[in-house]
S.K.: 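Structure provided below as C-alpha cells; questions to follow.
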Amino acid sequence: MVGRFAPSPSGRLHFGSLVAAVASYCDARANDGKWLVRIEDVDGSRTVDGAAEDILRTLEAFGMYWDGDVVWQSQRAEYYQIAIDDFLNRDLAFDCGCTRRDLEGQTTYPGTCHFGLPKGKEARSVRFKTPNEELIWVDLVLGPQLSKAGSETDFIIKRADGYYAYHLAVVLDDAAAGVTRIVRGEDLLDSTPAHLHLQKVLGFDWPEYAHVPLALNKAGAKLSKANKATPVEIHDAPAQIALALEFLKQPAVTLDDPEKMLAEAVANWSL
C-alpha cells in the first residue's frame, strides 16, 4: 500500500490540513504501507515563499516522517504537457477560447468549443472531453458513490495563464508514485469523478479513496489558508495531534511525545 499527503504551499499548515495529514499517515502506517509527501505548487500564483519548507518542518516536528524524496509539482511541467499533447492527438481534449465571463451562471461547461473553436475565438485553455458515462465506486469512509452520466463538466487541464490544472497533475503524480490509497478531505469528493475519468483513459488502475470529514470554523466554513485559518505551532504538537485524532473519532492518546502518540494511534487506527 502507498498513501500520500499533498499540501499546497499557499500558507502554513493549519488544523484542517493537519487532520488530513494525520489521517493519511496513520492509515498508511497501519497498513504497513509507504507514506509519501508531494508539494502541490503547480499553481505558482498561489505559492507563498517559504511555505513549503515550513510545512515540511512542521510535519517532521509532529513525528510524521515520509518515505523517499518529496515531489514538487513545479518540477514536473514537461510531464504534464506530454499528457496534454497526447490527449489532444487522441481527441480526448480540446482547445477552449471561453472566458470566465462567457461561462458566468453556467454550472457545467456548455460545450461551446467542444467540437472546435467558434469563429472569432482564440485558444486560451485546454479542456478534457469528459466521457458521458456513469461511474460507480466505493469510498472507504462515505460508502458507495455514483456520478451520473452527463453530470460532469468538460474540465480544464491547462489554464489560460499557462499553469497546469489540479485534476491532471494530481492524477499523473499519484500514478507515477504508485499511490494505491488516497486519504483526503471531504471537500475533494466532488473532484473524484474527474480523477476517475482521467485514470480510465490513461489506463491507470483506480486507487482506493477515503474522504475524511472537514474541520470547520465558527462560521461553518472549511478551515483553509484562504480564510486565514490559524497555523498549528510546533511547540503545541502533542495537543494538536490529540485534537486531530479526536476529530477523526480515533481512540484517545494520552502521551506527550508526538512520535509515541502517532505510534499508538497507528496501532489502533480504523477508517
Side-chain angles (χ1 to χ4, degrees), residues 3-28 35-43 45-48 51-52 55 58-59 64 73 107-109 128 130 135 137-148 151-153 155-157 159 163-174 179 181-199 206-232 240 243-250 271:
R4 52 80 159 169
F5 176 57
S8 60
S10 54
R12 297 178 62 201
L13 197 74
H14 55 75
F15 182 74
S17 297
L18 177 65
V19 166
V22 168
S24 61
Y25 176 86
C26 289
D27 189 65
W35 187 65
L36 311 178
V37 170
R38 179 174 69 238
I39 299 298
E40 297 200 332
D41 58 345
V42 69
D43 182 355
S45 67
R46 298 179 61 239
T47 297
V48 174
I55 289 170
T58 302
L59 291 175
M64 288 180 277
Q73 285 188 331
T107 55
T108 58
Y109 182 70
F128 177 71
T130 301
L135 294 178
W137 73 100
V138 177
D139 187 277
L140 297 178
V141 174
L142 303 174
Q145 303 293 317
L146 166 66
S147 174
K148 293 183 179 179
S151 64
E152 302 296 332
T153 192
F155 53 86
I156 289 175
I157 53 177
R159 295 172 11 184
Y163 288 120
Y164 297 94
Y166 165 77
H167 291 319
L168 179 70
V170 72
V171 165
L172 291 173
D173 291 344
D174 283 338
V179 172
R181 182 179 292 180
I182 296 169
V183 179
R184 60 189 184 186
E186 195 174 341
D187 56 323
L188 291 169
L189 177 65
D190 289 344
S191 296
T192 307
H195 300 171
L196 297 177
H197 280 303
L198 284 170
Q199 288 155 358
W206 283 0
E208 296 178 300
Y209 285 92
H211 289 87
V212 298
L214 294 179
L216 307 177
N217 61 21
K218 291 180 180 179
K222 180 188 81 165
L223 287 180
S224 69
K225 302 176 186 85
N227 62 27
K228 298 179 172 56
T230 303
V232 295
Q240 292 295 321
L243 287 172
L245 291 168
E246 179 184 6
F247 181 83
L248 290 163
K249 296 182 170 56
Q250 300 300 308
L271 276 176

S.K.: Kindly compute the distance separating CG (L36) from OG (S24), expressed to the nearest 0.5 Å.
M.R.: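 Those atoms lie 10.0 Å apart.
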S.K.: Could you walk me through whether T192 and W137 pass the side-chain hydrogen bond (donor to acceptor under 3.5 Å, both in side chains) check?
M.R.: CA-CA 10 Å; T192 307; W137 73 100; 4.9 Å; no
S.K.: Taking all non-hydrogen atoms of both residues into account, name the closest pair between I55 and G11 and its distance.
M.R.: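 Heavy-atom minimum between the residues: CD1-O, 3.5 Å.
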S.K.: Report the distance from atom OH of Y109 to atom OG1 of T130, rounding to the nearest 0.5 Å.
M.R.: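 So the OH of Y109 and the OG1 of T130 are separated by 11.5 Å.
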S.K.: Hey, what do you get for CG (L248) to SG (C26), rounding to the nearest 0.5 Å?
M.R.: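 The SG atom of C26 is 8.0 Å from CG of L248, to the nearest 0.5 Å.
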S.K.: OG1 of T58 to NE2 of H14: how many Å apart, nearest 0.5 Å?
M.R.: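 With rounding to 0.5 Å, OG1 (T58) is 12.0 Å from NE2 (H14).
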S.K.: When rounded to the nearest 0.5 angstrom, what distance separates CG in L135 from OG in S151?
M.R.: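 The OG atom of S151 is 8.0 Å from CG of L135, to the nearest 0.5 Å.
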S.K.: Between L142 and D139, what is the shortest heavy-atom contact and its length?
M.R.: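 So the minimum-distance heavy-atom pair works out to N-OD1, 2.8 Å.
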S.K.: Does some side-chain heavy atom of I39 sit less than 4.5 Å from a side-chain heavy atom of Q73?
M.R.: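 A side-chain contact under 4.5 Å is absent here.
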S.K.: Evaluate V170 against H195 for side chain to side chain contact (heavy atoms under 4.5 Å, CB included), listing each step before the verdict.
M.R.: CA-CA 8 Å; V170 72; H195 300 171; 3.6 Å; yes
S.K.: Would you check if the side chain of Q199 reaches a backbone N or O of H197 as a donor-acceptor pair within less than 3.5 Å?
M.R.: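 Pair absent, no side-chain N/O of Q199 close to backbone of H197.
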S.K.: In sequence, state the C-alpha distance, the side-chain angles, and the governing distance for R4 and V179, and then conclude on side chain to side chain contact (heavy atoms under 4.5 Å, CB included).
M.R.: CA-CA 7 Å; R4 52 80 159 169; V179 172; 3.7 Å; yes
S.K.: Report yes if some heavy atom in the side chain of Y166 is under 4.5 Å from a heavy atom in the side chain of L188; otherwise report no.
M.R.: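 Yes, close enough: below the 4.5 Å cut-off.
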S.K.: Where do P9 and A51 come nearest, in terms of heavy atoms and distance?
M.R.: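 That would be O-CB, 3.4 Å.
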S.K.: Between F15 and S17, is there a side-chain heavy-atom distance shorter than 4.5 Å?
M.R.: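 A side-chain contact is absent here, since even the closest heavy-atom pair is not under 4.5 Å.
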S.K.: Y209 versus V141: any side-chain heavy-atom pair under 4.5 Å?
M.R.: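 No. Closest side-chain heavy atoms not under 4.5 Å.
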S.K.: Do the side chains of L18 and Q240 get nearer than 4.5 Å, heavy atoms only?
M.R.: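 They are in contact (side-chain heavy atoms under 4.5 Å apart), so the answer is yes.
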S.K.: Looking at R159 and D43, is there a salt bridge between them, counting it only when a charged N and a carboxylate O are closer than 4.0 Å?
M.R.: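 Result for this pair is yes, salt bridge flagged.
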S.K.: For side chain to side chain contact (heavy atoms under 4.5 Å, CB included), just list the numbers for I157 and Y164, CA-CA rounded to whole Å, side-chain angles, deciding distance to a tenth of an Å, and then say yes or no.
M.R.: CA-CA 6 Å; I157 53 177; Y164 297 94; over 6 Å; no
S.K.: Could you tell me which non-hydrogen atom of F247 sits nearest to which non-hydrogen atom of L214, and how far apart they are?
M.R.: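 For F247 and L214, the tightest heavy-atom pair comes out as CZ-O, 3.2 Å.
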S.K.: Going by heavy atoms in the side chains, are S191 and H167 under 4.5 Å from each other?
M.R.: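 Yes; the side chains approach each other to less than 4.5 Å.
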S.K.: Using only atom types and a distance under 3.5 Å, with no angle test, would you say the side chain of E40 pairs donor to acceptor with the backbone of R38?
M.R.: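 Between the backbone of R38 and the side chain of E40 there is no qualifying donor-acceptor contact (under 3.5 Å).
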S.K.: Hey, does E186 have a side-chain heavy atom less than 4.5 Å from the side chain of V212?
M.R.: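 V212 does not reach E186 side chain to side chain.
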S.K.: Quick check: do W35 and F5 have side-chain heavy atoms less than 4.5 Å from each other?
M.R.: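 Yes, at least one pair of side-chain atoms sits under 4.5 Å.
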S.K.: If I compare all heavy atoms of P207 with all of R181, which pair ends up nearest, and what's the gap?
M.R.: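 Smallest heavy-atom distance, with atoms named: CB-N, 4.4 Å.
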S.K.: Applying salt bridge (charged side-chain N to carboxylate O under 4.0 Å, His left out), can you list everything that pairs with R46, at least two apart in sequence or on another chain?
M.R.: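 Per chain and number, R46 pairs via salt bridge (charged side-chain N to carboxylate O under 4.0 Å, His left out) with no residue.
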S.K.: For A194 and F155, work out which heavy atoms get closest and say how close.
M.R.: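 Closest approach of A194 to F155: CB-CE2, 3.5 Å.
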S.K.: Checking side chain to side chain contact (heavy atoms under 4.5 Å, CB included) against E208, which of V183, L140, L271, I182 comes through?
M.R.: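 Of the listed options, the one satisfying the test is L140.
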